A.B. asks: 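Have a look at this one before I ask anything.
These figures come from a predicted structure and were not determined experimentally.
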Amino acid sequence: NNIIRQAGAAYVLAQAANYYDDKSYFEASRKAVDGILAFSKIEVNGGETKRFIFYQNEIKTNANALSILAITELAKKNENFANTYLKSAKELANHILASQSYEGLFNNRYDSKRNRFLLSPDDYNNGESLLALVRLYKLEPDASYLKSAQISADAFLKYYSHEWNRSFY
């Protein structure tokens with residue numbers, strides 16, 4: 001039982017809902033998003049609300065990104081859904097923005113005892129976070145999403161030009 005895989009499945013179901021004219025895909029994805037958000041915690045600091053998926057005593061930044069992707073897909077299909085869930089997507093994005101390192105990559109581990117992210121970027125989390133910010137920007141044009149995505153894309157080019165991960169092929 002892995003919350004990241006469940007979030008990925010919610011995203012795929014949301015894509016299917018937009019591709020096929022079958023309401024069952026939309027409902028299955030919406031229920032999956034609700035289930036994933038049930039594991040979220042909210043943190044308010046200085047007027048900014050951050051939401052993060054907390055599962056098995058860890059913050060799952062990958063699940064944040066995949067949840068945003070599912071929400072943005074479902075929001076394309078249903079305006080009522082968008083009005084209800086985009087606030088959660090923005091709160092999840094705030095957490096992703098806070099996870100970005102000075103180099104531009106996203107850290108996927110958080111030490112709640114020290115209240116800081118650990119320097120542990122991984123390939124999957126980076127791609128998911130970048131895509132989530134771009135997709136959310138298309139629906140909610142907050143300049144911080146686009147700026148973060150651009151910084152991240154530049155970091156990818158710099159990092160992967162020397163350290164290409166061949167396991168993706």
A.B. asks: What distance do Ile36 atom CD1 and Ser88 atom OG have between them, rounded to the nearest 0.5 Å?
C.D. replies: 12.0 Å
A.B. asks: Can you tell if the side chain of Leu86 reaches within under 4.5 Å of the side chain of Glu140, non-hydrogen atoms only?
C.D. replies: yes
A.B. asks: Do Thr49 side-chain atoms and Val44 backbone N/O form a donor-acceptor pair below 3.5 Å?
C.D. replies: no
A.B. asks: Cluster question for you: counting only ILVMFWY and a side-chain heavy-atom cut-off of under 4.5 Å, with indirect links fine, are Leu139 and Tyr85 together?
C.D. replies: yes
A.B. asks: Could you pull out the closest heavy-atom pair between Ala132 and Ala65, with the gap in Å?
C.D. replies: CB-O, 3.5 Å
A.B. asks: Give a yes or no on whether the ring-centroid distance for Tyr19 and Tyr25 is below 6.0 angstrom.
C.D. replies: no
A.B. asks: So, using side-chain contact (heavy atoms from CB on, under 4.5 Å) as the criterion, who are the partners of Ser144 when residues are at least two apart?
C.D. replies: Leu97, Asp142
A.B. asks: Would a hydrophobic clustering, with Ile, Leu, Val, Met, Phe, Trp and Tyr connected at side-chain separations under 4.5 Å, put Phe26 with Leu13?
C.D. replies: no
A.B. asks: Within a strict 4.5 Å, meaning less than it, do heavy atoms of the Leu130 and Phe156 side chains meet?
C.D. replies: yes
A.B. asks: Just checking Phe39 against Tyr55, ring centres under 6.0 Å apart?
C.D. replies: yes
A.B. asks: Would Lys158 and Glu103 pass as an ion pair if we require N to O under 4.0 Å?
C.D. replies: no
A.B. asks: Looking at Lys60, Lys50, Arg51, which hits side chain to side chain donor-acceptor pair (under 3.5 Å) with Ser40?
C.D. replies: Arg51
A.B. asks: Strictly by salt bridge (Lys or Arg N to Asp or Glu O under 4.0 Å), give each pair with a member in residues 2-27 just once, sequence neighbours left out.
C.D. replies: Glu27-Arg30
A.B. asks: Let me confirm one number: the CG-NZ distance from Leu146 to Lys138, rounded to the nearest 0.5 Å.
C.D. replies: 12.0 Å
A.B. asks: Test side chain to side chain contact (heavy atoms under 4.5 Å, CB included) on Leu37 and Leu92; report intermediate values, then the result.
C.D. replies: CA-CA 10 Å; Leu37 290 178; Leu92 290 165; 4.1 Å; yes
A.B. asks: Do Val12 and Leu136 sit in the same hydrophobic cluster, where Ile, Leu, Val, Met, Phe, Trp and Tyr count as joined when their side-chain heavy atoms come under 4.5 Å apart?
C.D. replies: no
A.B. asks: So, does Asn18 use its side chain to make a donor-acceptor pair with the main chain of Glu73 at under 3.5 Å?
C.D. replies: yes
A.B. asks: What pair of heavy atoms forms the shortest contact from Ala7 to Leu66, and how long is it?
C.D. replies: CB-CB, 3.6 Å
A.B. asks: Students often mix this up, so state it plainly: with edges at 30° and 60°, are the rings of Phe52 and Phe54 parallel, tilted or perpendicular?
C.D. replies: perpendicular
A.B. asks: I need the minimum non-hydrogen distance between Ala93 and Ile68, along with the two atoms involved.
C.D. replies: N-CD1, 3.6 Å
A.B. asks: Are the side chains of Lys76 and Thr72 in contact, using a 4.5 Å heavy-atom criterion?
C.D. replies: no
A.B. asks: Measure the OG-NZ distance between Ser24 and Lys31 for me, rounded to the nearest 0.5 Å.
C.D. replies: 10.0 Å
A.B. asks: Would you name the heavy atoms of Tyr20 and Lys77 that are closest together and state the gap between them?
C.D. replies: O-NZ, 4.1 Å
A.B. asks: Could you tell me whether the side chain of Asp154 and the main chain of Gly104 form a donor-acceptor pair under 3.5 Å?
C.D. replies: no
A.B. asks: Measure the OH-CD distance between Tyr137 and Gln150 for me, rounded to the nearest 0.5 Å.
C.D. replies: 8.5 Å
A.B. asks: Hey, does the side chain of Ser152 reach the backbone of Ser148 with a donor-acceptor pair shorter than 3.5 angstrom?
C.D. replies: no
A.B. asks: Can you list the steps and then say if Arg135 with Tyr145 is a side chain to side chain donor-acceptor pair (under 3.5 Å)?
C.D. replies: CA-CA 9 Å; Arg135 292 279 172 84; Tyr145 305 149; over 6 Å; no
A.B. asks: Might you point out which heavy atoms bring Leu74 and Ser29 nearest each other, and give the distance in Å?
C.D. replies: CD1-OG, 3.4 Å
A.B. asks: Answer whether the closest heavy-atom distance between the side chains of Ile96 and Leu133 falls below 4.5 Å.
C.D. replies: yes
A.B. asks: Ignoring hydrogens and angles, tell me if any N or O in the side chain of Asn126 forms a donor-acceptor pair with the backbone of Leu105 under 3.5 Å.
C.D. replies: no
A.B. asks: Linking I/L/V/M/F/W/Y whenever their side-chain heavy atoms sit closer than 4.5 Å, directly or via other members, would Phe106 and Ile151 fall into one cluster?
C.D. replies: no
A.B. asks: Could you give the distance from CG (Leu69) to CG (Asn64), rounded to the nearest 0.5 Å?
C.D. replies: 11.0 Å
